[in-house]
There are 2 protein chains.
Amino acid sequence: MDARKRRVLEALIDDYIATAEPVGSRTLARKYGLGVSPATIRNEMADLEELGYLEQPHTSAGRVPSDKGYRYYVDEIMRPMVLDVADRERIRHAYQVRVRELHWFIHQTARLVSELTQYPSLVVAPPMDDASLADLSFVPLGEDMVLMVLKTNTGMVENQTLAVPDEFDARKLQRLAQDFTREFRGVAIHELKSRILDPLQGDISRYRELWHLALKWVTGQDDGEDKVSLAGPLNILNYPEFRDVEKVRRVLGFLEKETVVELVSRTTTDGVKVVIGAESSLDDIQDCSLVTATYRVGGNVVGHLMVLGPRRMHYNRVMSIVEAVSEELTRVLHG
Amino acid sequence: MDARKRRVLEALIDDYIATAEPVGSRTLARKYGLGVSPATIRNEMADLEELGYLEQPHTSAGRVPSDKGYRYYVDEIMRPMVLDVADRERIRHAYQVRVRELHWFIHQTARLVSELTQYPSLVVAPPMDDASLADLSFVPLGEDMVLMVLKTNTGMVENQTLAVPDEFDARKLQRLAQDFTREFRGVAIHELKSRILDPLQGDISRYRELWHLALKWVTGQDDGEDKVSLAGPLNILNYPEFRDVEKVRRVLGFLEKETVVELVSRTTTDGVKVVIGAESSLDDIQDCSLVTATYRVGGNVVGHLMVLGPRRMHYNRVMSIVEAVSEELTRVLHG
DNA sequence: CATTAGCACTCTATTGAAGAGAGTGCTAAC
DNA sequence: GTTAGCACTCTCTTCAATAGAGTGCTAATG
């Protein structure tokens, strides 16, 4: 793989990303200053195909990058893009609001990223399970309603309105919360489950129903939807590879399934990751690429951030955006 | 419009709803026991076309209902569908959870309806504007965080976490909330805006920034998204009239725009309403029909519930579902 | 007199053939 | 090693022919 092959591969991928049409040798010679004739480029392209970096839809068409080609492009050729000032400003100002709820950040982030990239974007909240309980309290709301407020050691605050049985007056609830906090402070959320349901905890068991409720909520089984935010799904309709409704259904359907969360959460390492086409080994998104990044809340509790697009994605731009946003988000969530 | 014409129209619409293909006279004679020959049906169909109830895509195709045809079908022919037991049970059990937040109800309802109908469904929360303030309070969360809890006279409770400047300690916040509640109890939310921003309210103006924030939140300008919930948008891809991506984009785009809320909110009357095709005079949904209903929270504060589908929608089933759900929702929100 | 059978007519959708266009691979010349 | 030239391949578009579906009209029927 000499320097000229790299230049040809780069030019071809750039062109294909821009046009979505198979690229021929003449086009490359004309539009990119490679300094050689179409015939020479043809030879290089034949080599690149043999090496597995390019594919030919049919004999008389131009060539198209393969997964391996994109991979080489992303890893070895492409240079990171410097975001322009407007984009940076946009990212910096995105979180300058006084709201402090996690789901708001998630939602805002997904929207920001999908607007900047023009691809669908998905943001997954860090699993509560890894955090530990810092404080639980109830705020009576009159009638039989109560607001349950939970804080974790990572500084996250979640709350939810519940209806409680009549017998629980304000005083009782307060004692309940105190007991609970005293008993379980510092315990990881995912441990709470077994602890609470343990029948030996006699003192607690009187309120089991209430705890059960609280637990379901805390562990996120209850309103799992809030933990994931999808933005800009329709952006995908702008790309010609999705002119077929069947493909659209598969891809958008995939974004609504649990599988996404699993997939995204699998990449636990820091930094920006790229998954190209079949590398995901998921049928529904064979024709798509993913760019993912992580962000942190407080300690090591980690959330995920993802962009999905066609394989001919603007990798460098998307990667820069995703990186900048995840850094900003981590910064904001730390303060 | 004699009885036989009605029977022909009914059969034709039933068939078209089932198949999405233009219906010919032979088909009607064969599949529906009309007791007359295709020729007779042809004559009736010609009459129905002249009356504006049917249309012909081209001379040698069968016929298709017009907006007027559907309208007559919905108003005069169709009989309401009795939901089967499973569906009724499904509706009854949908809200048997202790959660009491409005956005949860909205979300749950949208999902329920879209799953039952297999069409996209949108639920709009009642505008807070019409309700009046019952109580505002702050719950300190430590650090510079505070939970703002608002109750209306209609019994709705909304809350949001905010970051506040350091100067506001627990005591100060409490007084602030008391002042605010005393001052503004009973005032309609939409009036709060002018009242609070009035520079003459000297005592209040010190906290203007905070109020401003609270206000933005209360009036829903801030997180407007929470007030609307869309479920099952991809259902639309199951219907052959949306095999074209351009149409999909227009319709799904429409569901994400503000226009929907305006449109839906326009129907203030109780009961189930149907809007067929061009009746909405909105370009994006010329090929769609809507079924809408309202639900109430407490007094007269009204929320909306909508189903969107192709014009050949299963009107009777959808209407029954929408009616049953809106009744159940009103019932649940009252208790 | 309403209903029906028969039939010519119209329009669409499908098929197959022809031709244009794009791009390649190979060979031979530079 | 590079390039020009050219035959070859494959797709896409166009066009005409054909089959199929359904209609509207007319004349016969009970």
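Computed from a prediction, not measured in an experiment: that's the story for all the values here. Convention: sequence-line order gives letters A, B, ...; per-chain numbering from 1.
- The backbone N or O of B:L116 sits less than 3.5 Å from a side-chain atom of B:R317, completing a donor-acceptor pair.
- Donor-acceptor pairing under 3.5 Å, judged by distance alone, is present between the side chain of A:S60 and the base of D:dC10.
- The CD atom of A:Q118 sits 9.5 Å away from atom CD1 of A:I321, with the distance rounded to the nearest 0.5 Å.
- Here B:I285 contributes atom CD1 and B:R250 contributes atom CZ; the two are 10.5 Å apart, rounded to the nearest 0.5 Å.
- With hydrogens and angles disregarded, a donor-acceptor distance shorter than 3.5 Å links the side chain of A:Y315 to the backbone of A:R311.
- Taking side-chain N and O atoms only, A:S37 has a distance below 4.0 Å to OP1 or OP2 of D:dT3.
- Atom NE2 of B:H304 sits about 8.0 Å away from atom OG1 of B:T292, to the nearest 0.5 Å.
- One atom, CZ of A:R63, and another, P of C:dA22, lie 18 Å apart when rounded to the nearest Å.
- Phosphate proximity of C:dG21 to A:R26: absent, as no side-chain N or O sits under 4.0 Å from OP1 or OP2.
- A heavy atom lying under 4.0 Å from DNA chain C marks the following residues of residues 39-48 of chain B, by number: B:A39, B:T40, B:R42, B:N43.
- Scanning residues 49-58 of chain A for heavy-atom distances under 4.0 Å to DNA chain C yields A:Q56.
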*Please walk me through it: do B:E241 and B:D287 pass side chain to side chain contact (heavy atoms under 4.5 Å, CB included)?*
CA-CA 8 Å; B:E241 31 270 275; B:D287 301 329; over 6 Å; no
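- Between the CG atom of A:L28 and the P atom of D:dT2 there is a distance of 16 Å, given to the nearest Å.
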*For salt bridge (charged side-chain N to carboxylate O under 4.0 Å, His left out), just list the numbers for A:E246 and A:R249, CA-CA rounded to whole Å, side-chain angles, deciding distance to a tenth of an Å, and then say yes or no.*
CA-CA 5 Å; A:E246 212 38 58; A:R249 190 214 306 273; 3.1 Å; yes
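- Listed by chain and number, the residues in a ring pair (Phe, Tyr, Trp, His ring centres under 6.0 Å) with A:Y72 are A:Y53 (sequence neighbours excluded).
- Between A:S25 and C:dT24, a side-chain N or O to OP1/OP2 separation shorter than 4.0 Å is present.
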